[in-house]
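On a predicted model such as this, the values are computed, not experimentally measured, just so you know. Numbers restart at 1 for each chain; the letters A, B, ... are given by sequence-line order, proteins then strands.
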Amino acid sequence: MRAVVVYAWARSAAGAIVHADGGVEWRHARPVAGEDDPAAVAAALAVAGPDGDVVGLTLGDADASWALARGAARAVRVTDAPASDDEGVTAAVIAAGVRSVADVDVVVVGDSEEHPGVAAAVGARLGWPVVAGVVSAAPSGAGIEAVRRAGDVQETVVVTCPAVLGVAAEGAESRTPGMKEQLAARKRPVVTTTLAELGVDTLPAAVVAGGTRLPEQARTRVFEGEPEQTARQLVAALRAEGVL
Amino acid sequence: MSDDTWLLAAAGTHLKGAVAAARAAGGRVTVLAVGPRELADAAAAAAPDEVRWLETADDQPAEAWAAALAAEVAAAAPHVVLAPSDPASRTLLAAAAVPLGAALLTRVLTVRSQDDALVVDRSSLGGAVVETLTVQGPLAAVLEDADDAPPAAAPATVAPLAPAGAPVPMQVKREPLPGAAAGIRDAARVVSVGRGLRSKDDLALLDGLLAALGAELACSMPVADDLGWVPKERYVGRSGQHIAPRLYLALGISGMPQHLEGVRDAKVVAAVNNDPAAPIFRTADYGVVGDLYEVVPALVAALAE
């Protein structure tokens, strides 16, 4: 089975500075691996199986070797992908990148909390079924068995290929690649391509950013001081709320 | 394109808040409910103008109908299509966005028409800021789940929907999550511990507080996943438990968005953390800046007074 794992397709919120007036300044505009990306790679490797093929797909000037150090055999990088507020635009670029890879059975995308529409929109653009919110996946006959949780229910969804999985991390990455794997990754092939080569139209943006502000509810009542005093203040507040 | 608003719902949570958001977006509000009859009834109780209901087979996930429903939505051509944030609903939404030619935005708080455009406020950077965007043309938006508001009108009627298209082959098997039925999911009060705890043995420090509050113990993801100090079924967060206690007391938890998503429905969130800049102090209702090793015994004493 051939899996494409999409990684480092968005800026990290950690690269942003929020000023006191609510303005945002990006220290690092470069796409970086998201918190769900390690889980996406793990799911892609699990679905592809030991005889399968995992191809990485990344956007902009991200570090393409990130997934290569984690088991992807090769990677495609779309060099001029725009950073768009419209997640449909991001998904269209990713879908075009997927189409540039032959005979793909499954696309795995981190089901990012900050961008929860992208994984589903990639499937919509490709016309493939989508399972989002996945925590683990495995091959199952001609398809995939994907596990996710909804409240106190565990759902096991079986879907035929080709399909798209949105994978949400259950924990931090358990093992980061060592120096040997990182060096080997830099020798693996990376194909660079452009929107024009992929046939992606660069239409005028339908979404125009109009600025940011701090949320209105800076509502936390914070107690500071000696523990005995702050504990009494908190208990009194919680009693007043009627929750004790 | 009409001035109407559609809401695509495959799960029964946060529907009243979602219908309220749809009302603000304008036009006639139609909920397309995809699932069992109980879901359609919950949608109707949220008082949209109408509910159109597609009943799914017990072993069929709502997403199997994504493409067929996208065609139905495109034929109605609403100017705004909304969905709650659960995985199935947002998958239906993303599918509908393509034939509509709609921009796709997420974590959306409000949508309103202004002149010939839509003005959208959305949560960004993990809730640190609210961003305002202007959209020309149709919009598909995943809502930031809001506290359910009371419905403003009588329940809507439910009309069955028979899409012209067929579902794709997908099956789902649902089982109770091991260990999820008891404990923290039903607790009125939950004390949760994070990386501020220095060792597993120190969990004993919490016994007196748990007893004094009549609370269940929960934890943040690293405490269950990386450290294994607390059973995984007690981990609260985006991919863990989602709970709605009357009181959630977070001890030594920094308050990353993925953790807070699990307690979005708690009535009151209180936090103890020794870092005054911890993100949880921006979102909790109450905070105590201090060392949990000192504050917890003080809380036990204060509760006894």
> Under a 4.5 Å cutoff for heavy-atom pairs, which residue among B:Gln136, B:Arg189, B:Lys173 has the most contacts with chain A?
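Answer, by heavy-atom pair count under 4.5 Å with chain A: B:Lys173.
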> Between B:Glu305 and A:Arg239, is there a side-chain N and carboxylate O pair less than 4.0 Å apart?
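Between A:Arg239 and B:Glu305 there is no salt bridge, as every charged N stays at least 4.0 Å from the carboxylate O atoms.
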> With a 4.5 angstrom heavy-atom cut-off, which part of B:Asp226 approaches chain A: side chain, backbone, both or neither?
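Side chain only.
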> For B:Ala128, is it the side chain, the backbone, both, or neither that has a heavy atom closer than 4.5 Å to a heavy atom of chain A?
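Interface part for B:Ala128: both.
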> Does anything in residues 133-146 of chain A reach chain B? List residues with heavy atoms under 4.5 Å apart, or say none.
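Answer by number: A:Gly133, A:Val135.
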> What option among B:Leu303, B:Leu118, B:Val295 has the most heavy-atom pairs under 4.5 Å with chain A?
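If we count pairs closer than 4.5 Å to chain A, B:Leu303 comes out on top.
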> List in chain and number order the residues that pass side-chain contact (heavy atoms from CB on, under 4.5 Å) with A:Val207, two or more places apart in sequence or in another chain; answer none if no residue qualifies.
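So A:Val207 forms a side-chain contact (heavy atoms from CB on, under 4.5 Å) with A:Asp85, A:Asp86, B:Ala103, B:Leu105, B:Leu133, B:Val135.
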> Are A:Arg148 and B:Asp86 close enough for a salt bridge, meaning some N to O gap below 4.0 Å?
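No, this pair does not count.
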> Tell me, for B:Lys267 versus chain A, whether the close heavy atoms (under 4.5 Å) come from the side chain, the backbone, both or neither.
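It is the side chain, since no backbone atom gets that close.
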> Can you say whether B:Arg174 sits under 4.5 Å from chain A via the side chain, the backbone, both, or neither, judging by heavy atoms?
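For B:Arg174, the contact with chain A is made by backbone and side chain together.
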> Can you list every ring pair (Phe, Tyr, Trp, His ring centres under 6.0 Å) pair that touches residues 279-305 of chain B, not counting sequence neighbours?
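Residue pairs with at least one partner in residues 279-305 of chain B: there are none.
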> So which of B:Asp225, B:Thr106, B:Asp59 has the largest heavy-atom pair count under 4.5 angstrom toward chain A?
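Among the listed options, the one with the most contacts to chain A is B:Thr106.
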> Report which part of B:Leu125 has an atom under 4.5 Å of a heavy atom belonging to chain A: side chain, backbone, both, or neither.
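B:Leu125 touches chain A through backbone and side-chain heavy atoms alike.
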> Side chain, backbone, both or neither: which part of B:Val129 has a non-hydrogen atom closer than 4.5 Å to chain A?
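Contact with chain A: backbone and side chain both.
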> Go through B:Met170 and A:Val131 one step at a time and tell me if the side-chain contact (heavy atoms from CB on, under 4.5 Å) criterion holds.
CA-CA 10 Å; B:Met170 294 175 80; A:Val131 188; 3.7 Å; yes
> Considering only distance and modelled atom types, tabulate donor-acceptor pairs under 3.5 Å from the side chains of residues 88-100 of chain A, sequence neighbours left out.
from     : atom 1 : to       : atom 2 : distance (Å)
A:Arg99  : NH2    : A:Arg125 : O      : 2.9
A:Ser100 : OG     : A:Gly97  : O      : 2.6

> Show the nearest heavy-atom pair for residues B:Val168 and A:Pro129, with the distance to one decimal.
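In terms of heavy atoms, the two residues are closest at CG2-CB, 4.1 Å.
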> Using heavy-atom distances under 4.5 Å, tell me whether B:Gln171 contacts chain A through its side chain, its backbone, both, or neither.
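Both the backbone and the side chain of B:Gln171 come within 4.5 Å of chain A.
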> Among B:Val289, B:Val272, B:Val288, which residue meets the side-chain contact (heavy atoms from CB on, under 4.5 Å) test with A:Phe223?
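With A:Phe223 as partner, side-chain contact (heavy atoms from CB on, under 4.5 Å) holds for just one option, B:Val288.
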> Would you check if the side chain of A:Thr220 reaches a backbone N or O of B:Ala284 as a donor-acceptor pair within less than 3.5 Å?
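Checking the backbone N and O of B:Ala284 against the side chain of A:Thr220, a donor-acceptor pair under 3.5 Å is found.
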